[in-house]
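First comes the structure, then the notes that go with it.
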Amino acid sequence: MKCYLIKRSQIINRTTVVIAVLFFTLLPGKIVAQELQKTVLTNCNIIDCTGAELQKDMTVILNGNKISEIKKGKYTAVSNNKNTQILDLEGAYVVPGLWNMHTHLAALLPDPKNIQANESVISASIRAGLNAMDGLRHGFTSVRSVGERDYIDVEWRTVFDQGFFMGPRIFASGDFVSPTAGHRGYVEKGADGVAEMRKLVRQRVQKGVDLIKIFSVEMLQDELEAAIETAHSLGRHVTTHTREPDIYRAVKAGIDCIEHGYGITDETIELMAKKGTFYDPTIICNLSDEYIKEREYRLKTLGYAEDEKISYYRTLINYADERSPAHAMHQRRALKKAVDVGVKVVLGSDSMPIGEMGVLEMEQFVLSGVSEMNTLIAATRNCADLLGVLDKLGTVEEGKLADLLIVAKNPLENISYIREVKMVFKEGISVDLNQPSGTASYWDYFSTTDLKKGFLKEAENAAGFQRGKTKE
Ligand SMILES: [Zn+2]
């Protein structure tokens, strides 16, 4: 009996294989492709971020991972097809998925508990993933990483691309490229001389990075040119953390993007406009107390209450690095000037978590005098442009990948309405906006649980700055 069963199953298996082989070899034309999931978003308004006006009363149709059709009016057809879902957005606003262009997914800025000092790569990597996925729930469907230890950003990029977790698409830089003692002494061992510089850039690319992030201030001219030339020859853009007078030099040498741009001059801004150099000001990481108050007032008038911990944590950020209220004031003026003369500006927070801080940066753009429309374009279209993927992403247009953010109220009326997230789509798939299981707070864990214990003083000391004083 047993023997018979084995034989029978062997026969079935053999028969199945023969049928399958026949089917696939003899009848290829008869294979029907699996029907794509179709999502109809109707009764909505579109801010497509191409520079066009707001389009009212529209329908957007997603087919699989792409936007297949955009048309005027409501969708009235009825469908019984299980692969089609029709969503009435009740007058909500569809914008392209947002981008945060200056992130360090695993980093903590500031790090009042000194968590990073002896942290394992695994622990840092888990935080990077949490940070990225939280960013997606805020509407950031893409992020650019500009300095990450141990290629954590490259690994998470793969994890998200493979679909193991739903996260933003990541454009990764891996770690910084810098000479020894670059970033004001921060880099212990870097690349020195042209040959080492070329080698380090090539090694980063070998590890799979999408772009190169450099500290150009301490680079000699030939090192700077070598870094840019090598990256360009491998099809990667180069961006630099810098300040004047190095900004002008880097722009002249053909850098693609400027991060922070401390002390940027009008002359440099005009050169950037002429050369098509992008600018990522990261104003949020220079916030002063006045900014915090201004923002709180603004949010209150809109009926938002900011979490006390977030507010407190934010006040610490200007003690790190070169950040200061004076820089913030200068950058706000520089940003406005850059937009006015046609520099392509992108939006990056530097600070983390990338979702909340990315939104705060958008608010800073508007407070700096940039229009809501130009702020949205800086957070979408211009970013895809810098990454060379504008043909696929960055705007709401037919044929593009369906990375979308849907907000309940009009962000052109008030940019803070970008907080009213109704839905997020990444490549046509709706993102679960609820934090999946778990109840921990990023703020509690990485910042502090007790705000009253003189912790501010400790943090100030750790950062080596005095509260309210400008470093440079
Ligand atoms: Zn940074």
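Computed from heavy atoms alone, side chains included, the values below leave out hydrogens, waters and symmetry copies. For reference, positions follow the sequence shown, starting with 1. In listed order, ligands and their atoms are each counted from 1.
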*Do E397 and T395 meet the criterion of a side-chain donor-acceptor pair at a distance under 3.5 Å?*
yes
_For the Zn ion (ligand 1): the N/O/S atom of D350 at shortest distance_ = OD1
_If I take every N, O or S atom of H104, is at least one of them less than 2.8 Å from the Zn ion (ligand 1)?_
yes
*Looking at the Zn ion (ligand 1), is one of the N, O or S atoms of H102 less than 2.8 Å from it?*
yes
*Could you grab the distance from atom OH of Y262 to atom CZ of R243, nearest 0.5 Å is fine?*
9.5 Å
*asked:* With a 4.0 Å cut-off on N to O distance, would you call D210 and R157 a salt bridge?
replied: yes
*asked:* Please report whether the ring centroid of H102 lies less than 6.0 Å from that of H260.
replied: yes
